[in-house]
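We number each residue from 1, following the sequence as shown. Values below: all heavy atoms of this structure, side chains included; hydrogens, waters and symmetry mates excluded.
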Amino acid sequence: MTTVASVAQKAMGAKEWSQLLLLGAIWGGSFFFARIAVAEIQPLVLVFFRVAIAAVALQLYLAIRGPSFRIAFSYLGAFFGLALLNNVIPFSLIFIGQTELGAGLASVLNATTPFWTLVIANFLTNDEKLTRNKLAGILLGIAGTAVMIGPSLLHAMGGPLWAKLALVGASLSYALALIFARRFRALPPPVVATGQMTASTVIMTPVVLLLHGPSGLFSASLPVWSAVLALALMSTAFAYILFFNLVAKAGATNASLVTLIVPVSATLLGAAFLDERMETLEMMGMMLIGFGLLTIDGRLLAGFRRKKAGNPSQFIHKC
């Protein structure tokens, strides 16, 4: 059984990169479902339904497929810490920040998550230290996200400082959650995902009842409920199993790279299914993000350096 503690600092293999890209595509699609749902459901109520439905689905999954959730009982307190860091705090800060900031600037600030994860992991862990490749690749990815947003980013830069700090705070919370998740070393990823969602539901239930009350919670239309189910089951329940599997196999820093892929997948899905036109800056930004991910992976650039270093000797030998 692969556990969170079994991770050592290493390059991701093809399987891990495939899972990272799949997770980015799934979370990119969550913007589409959320866009439909928030038309009729209040944001915090949507958060509640998202985590609650995901928690029920994951508990059913464990009941049918196993392992038993009983093995996680000794971690119940820690799950509330993970729920706060990975769901409740960042979701709340993002909603608060976006009352004053556009989605473009919010996505760029959210894309700083790998940077904060790398910095925090460098100080708090022994096996995920800062490397030049990772730092350069992450900075390229953040720059690529900014280029994708283009002129609208410059227009949005005038928002209040507190709103920007809220988005940065959300990224820091996600980074701390990734490091915190390493302590669940004795648990398989589906159990970690189930524990987090269950704890998030327990936290969000009194929040929603206090702020909105029970009346009208279930008044949304059928298409909106379809979007909520897709958001909860695909973009939350399944996505978090995949996410914690990545944390277990590839480490916190590598798993955090998904925040660089999400805006790319959201843009591509919008072009494919919503007839949204892709601009030149968006394609340039995607290329920068792709180059950043290749830089982090390191193998392509290492091969290029070996090839370049081999050319002079070949020339001398031929002469």
Side-chain angles (χ1 to χ4, degrees), residues 1-8 10 12-27 29-30 33 47-88 90-91 125 127-128 174 176-205 225-258:
M1 179 171 59
T2 303
T3 62
V4 172
S6 65
V7 177
K10 61 180 180 179
M12 290 194 292
K15 183 177 181 181
E16 287 74 34
W17 277 111
S18 298
Q19 290 178 345
L20 186 74
L21 293 172
L22 175 60
L23 182 59
I26 291 171
W27 274 342
S30 69
F33 299 127
V47 171
F48 165 72
F49 281 130
R50 179 178 182 176
V51 298
I53 295 170
V56 172
L58 287 166
Q59 289 286 0
L60 288 173
Y61 173 85
L62 291 183
I64 297 169
R65 297 287 302 272
S68 172
F69 189 68
R70 292 177 183 176
I71 64 176
F73 282 178
S74 60
Y75 293 83
L76 291 181
F79 279 131
F80 280 93
L82 184 61
L84 283 169
L85 289 172
N86 213 24
N87 291 140
V88 178
F91 287 176
T125 71
D127 57 353
E128 294 196 50
Y174 281 134
L176 288 168
L178 280 156
I179 305 302
F180 189 81
R182 292 162 52 95
R183 70 177 55 205
F184 298 92
R185 53 187 176 271
L187 301 177
V191 175
V192 181
T194 303
Q196 175 190 266
M197 288 301 137
T198 303
S200 295
T201 304
V202 173
I203 294 170
M204 288 302 301
T205 299
W225 280 115
S226 299
V228 170
L229 287 174
L231 185 64
L233 298 178
M234 177 61 70
S235 300
T236 307
F238 175 69
Y240 270 106
I241 292 176
L242 198 59
F243 174 76
F244 286 116
N245 187 57
L246 269 173
V247 175
K249 291 184 177 179
T253 304
N254 286 329
S256 71
L257 299 177
V258 70

So, Q19 versus N245: side-chain donor-acceptor pair below 3.5 Å or not?
yes
Which value, rounded to the nearest 0.5 Å, describes the distance between [X] atom [atom1] and [Y] atom [atom2]?
X	Y	atom1	atom2	result
L246	L257	CG	CG	9.5 Å
L23	I241	CG	CD1	11.5 Å
I203	L84	CD1	CG	4.0 Å
Y174	L178	OH	CG	10.5 Å
F79	T194	CZ	OG1	8.0 Å
F80	S200	CZ	OG	9.0 Å

Minimum heavy-atom separation for [X] and [Y], please, with both atom names.
X	Y	answer
A181	F244	CB-CE2, 3.9 Å
E16	A250	CG-CB, 4.3 Å
F49	V228	CB-CG1, 4.0 Å
R50	A232	O-CB, 3.6 Å
W27	A239	NE1-CB, 3.4 Å

Take V247 and V192 through the test side-chain contact (heavy atoms from CB on, under 4.5 Å) and record every step on the way to the result.
CA-CA 11 Å; V247 175; V192 181; over 6 Å; no
Specify whether Y75 and F184 have parallel, tilted or perpendicular ring planes, treating 30° as the upper limit for parallel and 60° as the lower limit for perpendicular.
tilted
Parallel, tilted or perpendicular: which one describes the rings of F243 and Y240, with boundaries at 30° and 60°?
perpendicular
Could you go step by step and tell me if V191 and F69 meet the side-chain contact (heavy atoms from CB on, under 4.5 Å) rule?
CA-CA 6 Å; V191 175; F69 189 68; 4.1 Å; yes
Let me see the working for Q196 and N86 under side-chain hydrogen bond (donor to acceptor under 3.5 Å, both in side chains), right down to the final yes or no.
CA-CA 8 Å; Q196 175 190 266; N86 213 24; 2.8 Å; yes
Can you sort out the partners of S256 under side-chain hydrogen bond (donor to acceptor under 3.5 Å, both in side chains), two or more places apart, ordered by chain and number?
none
Side chains of residues 57-68: which donor-acceptor partners sit under 3.5 Å, not counting sequence neighbours?
{"from": "Q59", "atom 1": "NE2", "to": "T198", "atom 2": "OG1", "distance (Å)": "3.2"}
{"from": "S68", "atom 1": "OG", "to": "R70", "atom 2": "N", "distance (Å)": "3.1"}

Spell out, as yes or no, whether a donor-acceptor pair under 3.5 Å connects the side chain of T236 to the backbone of L231.
yes
Quick one, F48 and T205 - any side-chain contact, counting heavy atoms below 4.5 Å?
yes
